[in-house]
S.K.: 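Got a structure here, written out as structure tokens. Questions coming.
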Amino acid sequence: FASYLAWMWMLGHYPATKISVFVFLTPVFALLAGAGWLGEPVTPGLLVALTLGLLHNWLILHRHYLLLRLLLLLQVLLLLLLSARWASIS
């Protein structure tokens with residue numbers, strides 16, 4: 001509930017176009033909260049996902065759309081590779 005209040009307060013004080021990128025930081029805050037408060041393990045895969053998410057935000061903020069498309073393609077290929085690996089394990 002507090003996050004919605006904070007979001008509404010920010011929308012009242014800043015342009016939505018400037019703060020909308022913070023929505024994409026939700027997984028970052030969830031990872032930090034899970035590790036800090038709940039003692040969840042932070043695996044290398046989570047760190048890679050966190051890095052890719054932060055890189056996405058940076059590319060969006062700085063309008064590097066070609067690099068963003070290349071990064072998205074890399075992520076799709078990585079997901080296909082990982083899903084094939086997991087399918088072979090189970």
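Throughout, residue positions are numbered sequentially from 1 according to the sequence presented.
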S.K.: For A16 and L11, which heavy atoms make the closest approach, and how far apart are they?
M.R.: CB-CD2, 3.8 Å
S.K.: Nearest heavy-atom pair of V42 and A35: which atoms, and what distance?
M.R.: CG2-CB, 3.5 Å
S.K.: Report yes if some heavy atom in the side chain of L74 is under 4.5 Å from a heavy atom in the side chain of L78; otherwise report no.
M.R.: no
S.K.: Should W37 and L50 be regarded as members of a common hydrophobic cluster, given that ILVMFWY residues are connected when their side-chain heavy atoms come within less than 4.5 Å of each other, either directly or indirectly?
M.R.: no
S.K.: Which residues satisfy the side chain to side chain contact (heavy atoms under 4.5 Å, CB included) test with W9, sequence neighbours excluded?
M.R.: H13, Y14
S.K.: For residues I19 and W7, determine if any side-chain heavy atom of one lies less than 4.5 Å from a side-chain heavy atom of the other.
M.R.: yes
